[in-house]
Amino acid sequence: MKINEKEIAQELQTLSDEDCFYYNKTTGELEYFNSEKENPNDLDIDEIDEDENFVALPSKYSIDDYEIMKDFMFAQEDKKIHDAIYDAIHQKGAFRKFRQVIEQAGILQKWYEFRDKEYEEIVKEWCETNGLEWE
């Protein structure tokens with residue numbers, strides 16, 4: 001069974017700090033656990049952790065969104081935009097200021113596309129680490 005990396009990447013982008021997903025290698029389904037470790041299907045997270053048919057997806061803590069913003073900054077050919085992003089991400093409120101800069105520069109959609117590709121790469125690496133195939 002192949003994993004749809006775009007779908008998984010989208011789910012990862014919606015995670016809060018305490019949420020998590022597990023991939024069921026048998027069914028191809030994702031199991032969601034909220035901050036209280038509750039699951040809509042009444043699965044027990046401790047049992048899932050020990051079951052070899054389930055693989056934990058990367059957590060919010062293992063994904064460095066700040067590093068993705070820096071990579072986006074380095075990808076900018078326009079020096080003014082690059083410098084504005086640099087200034088924004090090196091201040092207090094970096095995420096908010098980053099967004100303001102890219103909105104003002106008219107490159108918000110470009111950012112979304114860049115971020116989506118970065119998350120898809122994270123999913124591909126996760127698949128490789130866990131011996132899973134993707135499409």
Side-chain angles (χ1 to χ4, degrees):
M1 186 169 305
K2 291 187 178 181
I3 291 175
N4 181 327
E5 85 269 2
K6 291 182 189 304
E7 180 182 314
I8 301 280
Q10 289 234 264
E11 293 294 348
L12 291 177
Q13 290 179 46
T14 66
L15 285 177
S16 71
D17 292 344
E18 299 298 319
D19 295 343
C20 64
F21 279 102
Y22 284 80
Y23 176 74
N24 184 329
K25 294 191 280 186
T26 306
T27 66
E29 299 290 319
L30 289 180
E31 291 294 341
Y32 167 77
F33 289 86
N34 66 18
S35 59
E36 284 83 39
K37 304 302 179 205
E38 296 170 339
N39 169 273
N41 298 322
D42 293 325
L43 296 173
D44 185 313
I45 196 164
D46 294 326
E47 290 176 15
I48 295 260
D49 270 337
E50 297 174 11
D51 189 332
E52 64 185 35
N53 290 318
F54 288 90
V55 181
L57 268 66
S59 72
K60 191 71 172 170
Y61 294 111
S62 66
I63 298 171
D64 191 346
D65 287 321
Y66 183 80
E67 193 65 32
I68 294 172
M69 289 188 320
K70 280 178 39 180
D71 291 344
F72 182 71
M73 175 192 69
F74 287 121
Q76 301 311 302
E77 295 176 8
D78 184 318
K79 183 164 174 26
K80 286 184 181 181
I81 293 173
H82 172 279
D83 292 348
I85 292 173
Y86 179 89
D87 290 342
I89 65 175
H90 287 91
Q91 297 179 35
K92 187 175 180 177
F95 288 91
R96 179 178 47 81
K97 291 181 180 178
F98 170 82
R99 182 167 176 105
Q100 289 172 343
V101 166
I102 62 173
E103 283 179 344
Q104 290 172 353
I107 58 171
L108 186 60
Q109 187 60 39
K110 188 175 175 183
W111 158 246
Y112 288 147
E113 291 166 6
F114 183 90
R115 184 192 60 196
D116 290 350
K117 286 182 180 161
E118 291 292 309
Y119 268 81
E120 288 168 24
E121 286 302 314
I122 291 167
V123 172
K124 288 176 185 177
E125 288 175 24
W126 170 79
C127 286
E128 287 177 5
T129 300
N130 291 289
L132 302 170
E133 294 182 17
W134 68 89
E135 56 183 354

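Only a predicted model underlies this, so the values are computations on that prediction, with no experimental measurement involved. For this chain, numbers begin at 1 and follow the sequence in order.
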For residues 86-96, which residue pairs pass the side-chain hydrogen bond (donor to acceptor under 3.5 Å, both in side chains) check, not counting sequence neighbours?
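Passing the test, one end in residues 86-96: Gln91-Lys97.
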
Closer than 3.5 angstrom, by distance alone: can the side chain of [X] be matched with the main-chain N or O of [Y] as a donor-acceptor pair?
X	Y	result
Ser62	Pro58	no
Glu47	Leu43	no
Asn24	Gly28	no
Trp126	Ala56	yes

In chain order, what residues pass the side-chain hydrogen bond (donor to acceptor under 3.5 Å, both in side chains) check against Asn41, with sequence neighbours excluded?
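Counting only residues at least two positions away or on another chain, Asn41 forms a side-chain hydrogen bond (donor to acceptor under 3.5 Å, both in side chains) with Glu31.
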
Side chains of Trp111 and Arg115: closer than 4.5 Å at any heavy-atom pair?
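Yes, their side chains come closer than 4.5 Å.
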
Taking the side chain as every heavy atom from C-beta outward, state whether Phe54 and Lys25 have any pair of such atoms under 4.5 Å apart.
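Side chain of Phe54 against side chain of Lys25, heavy atoms only: no contact under 4.5 Å found.
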
With [X] via salt bridge (charged side-chain N to carboxylate O under 4.0 Å, His left out) - residues at least two apart:
X	answer
Glu120	Lys6
Lys60	Asp65
Lys124	Glu121

With a 6.0 Å cut-off on ring centres, are Tyr22 and Phe33 close enough?
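Centroid separation for Tyr22 and Phe33: below 6.0 Å.
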
By side-chain contact (heavy atoms from CB on, under 4.5 Å) - contacts of Glu113 (at least two apart)
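side-chain contact (heavy atoms from CB on, under 4.5 Å) list for Glu113, sorted by chain: Gln109.
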
Distance only, no hydrogens: is a donor on one side chain within 3.5 Å (strictly under) of an acceptor on the other, for Tyr112 and Gln13?
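Checked: Tyr112/Gln13 side chains show no N/O donor-acceptor pair below 3.5 Å.
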
May I ask you to check whether Tyr32 and Asp19 show a side-chain donor-acceptor distance below 3.5 Å?
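Yes - a donor-acceptor pair under 3.5 Å links their side chains.
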
Atom CD of Glu103 with >12 non-hydrogen neighbours under 6.0 angstrom
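Atom CD in Glu103 is crowded, with more than 12 foreign heavy atoms closer than 6.0 Å.
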
